[in-house]
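Note that the numbering runs from 1 along the sequence shown for the chain. Note that this is a predicted model, so its numbers are computed, not measured.
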Amino acid sequence: MIITYLRERLSWMLLFGFLQFLALLVAYLDPSIPFRAVIYYVFLSLIIFALFLILRFPKETRFYKQLKERDNDLDLTTFPEAESPLESIIEAGVREQLERLKTEAAYHQDLLEEEKDDLLGWIHEVKTPMTALKLMIEGIEDYPLRSRLTFEWMRIHLLLDQQLHRKRIPFIENDLYIEETTLEPLLFSEIKTLRSWCMRKGIGFDVDLPQPSVLTDAKWLSFIVRQLLSNAVKYSHSSDIMVTSGRKNGRSFLTFADHGRGIAPQDIPRIFEKGFTSTTDHGNESASGMGLYLVDRIRRPLNIELDVQSQPGQGSVFTLWFPEPNTFTKIRHSRDRPPLHGGT
């Protein structure tokens, strides 16, 4: 800030230096003016000017220093108070702009909320004819036709579900309920949803769950599992997908291993980016680049770590590492546990 202050006042300092030099020049050229007296005057002037700069520095930079350290938000209460006419002009202009931005931000936020509510309402309305369509498909006796229709119904169902959770992600913290979640019914429910797709591609599942439950939110974990399973099915053919659970170093894990095409090493750091599909199969129109992106967005509030290992042509392994039970959870479980002996 000192360097900035001196650069701002550079023209004034140059003017002051020129005036002192002019005084010395006049005294040197005019014998009637005592040259030593002028030198003494210039010396005192330099000291006074330096003291003036030092004393004025905190007062003239306070406003700009607070403005620089202020957070870049729309909170006007943190805006520094002006003490000079020029600072008042800056304050009035910035406050006017911030007020306008706050109004526009509120307006656009209302539009986004309205759009989100409309979309969520539309998705819920579509679920009713989707359910009716599912029942109609199950009543078709022609098995090949029923299989094809079921597959297309499943694709629409997954896309609607993906869109629904995508709109809910910004508010995920308000919708979390952490509890002991049993893995087997959750996994089998998601596998059942993908059954028609798996039958078309000759894919089976090998499920082994030595760790029967994990501490997480069941609804959001279901979506993560759905995306990882559908991703494994999409890039596999005539092979088994292995789902295993366990516990290591005090933490529970859930692993999804497939024998599909695998992921290129240069793609692994980017697979969670929004819209990224692949560099090796860039023309694949079935890939949207949203599934793993949403998985990464959801697993963060759940404190789940996601590890990816893959070799091209050999398959991929996705491992979810769940957080350890914290002190609050242990206390809650101890309170919920019934006493060993009867009490009064």
Are [X] and [Y] ion-paired here, with the side-chain N under 4.0 Å from a carboxylate O?
X	Y	result
E104	R100	yes
D161	R226	yes
R251	E324	no

Residues which pass ring-ring contact (aromatic ring centres under 6.0 Å, His included) with F256, listed by chain and number, not counting sequence neighbours
none
Within a radius of less than 6.0 Å around CE of M136, do more than 12 heavy atoms belonging to other residues, nucleotides or ligands occur?
no
Measure up the F223 and H165 rings against each other and bin them: parallel (under 30°), tilted (30 to 60°), perpendicular (over 60°).
parallel
Is the ring pair H157/W153 parallel, tilted or perpendicular, if the boundaries are 30 and 60 degrees?
parallel
For the residue pair R36 / Y40, report whether a side-chain donor-acceptor contact shorter than 3.5 Å exists.
no
Within the 3.5 Å criterion, strictly below it, is a donor on S310 or S316 matched to an acceptor on the partner's side chain?
yes
Testing the basics here: between [X] and [Y], what is the closest heavy-atom pair and its distance to 0.1 Å?
X	Y	answer
P170	R166	CD-O, 3.7 Å
L215	I178	CG-CG2, 3.7 Å
V214	L221	CG2-CD2, 4.0 Å
T182	L186	O-CB, 3.8 Å
P212	P210	CD-O, 3.2 Å
C198	V233	SG-CG2, 3.8 Å

Is the gap between the ring centers of F49 and F16 under 6.0 Å?
yes
Are the side chains of [Y] and [X] in contact, using a 4.5 Å heavy-atom criterion?
X	Y	value
L133	I137	yes
K274	M290	yes
R95	L98	no
Q20	Y41	yes
I224	L306	no
L294	Q227	no
W321	I304	no
T255	S245	no

Kindly determine whether D142 and R146 satisfy salt bridge (Lys or Arg N to Asp or Glu O under 4.0 Å), including the steps that lead there.
CA-CA 6 Å; D142 187 346; R146 185 177 64 196; over 6 Å; no
Does [X] use its side chain to pair, donor to acceptor, with the backbone of [Y] at less than 3.5 Å?
X	Y	value
K201	S236	yes
T131	K127	yes
D217	Y177	yes
E179	T181	no

Cluster link L101 to L111, ILVMFWY, side chain under 4.5 Å:
no
Membership question, hydrophobic clusters at under 4.5 Å side-chain separation (ILVMFWY): are L187 and M199 in the same one?
no
Which distance, rounded to the nearest 0.5 Å, do you find between the [atom1] of [X] and the [atom2] of [Y]?
X	Y	atom1	atom2	answer
L320	T216	CG	OG1	9.0 Å
F57	F52	CZ	CZ	14.0 Å
F272	L292	CZ	CG	5.5 Å

Output, in order, the C-alpha distance, side-chain angles, deciding distance and verdict of side chain to side chain contact (heavy atoms under 4.5 Å, CB included) for L164 and R168.
CA-CA 7 Å; L164 177 64; R168 286 177 173 172; 3.8 Å; yes
Validate the cation-pi geometry between R247 and F253: distance from NZ or CZ to the six-membered ring centre under 6.0 Å, angle to the ring axis within 45°.
no
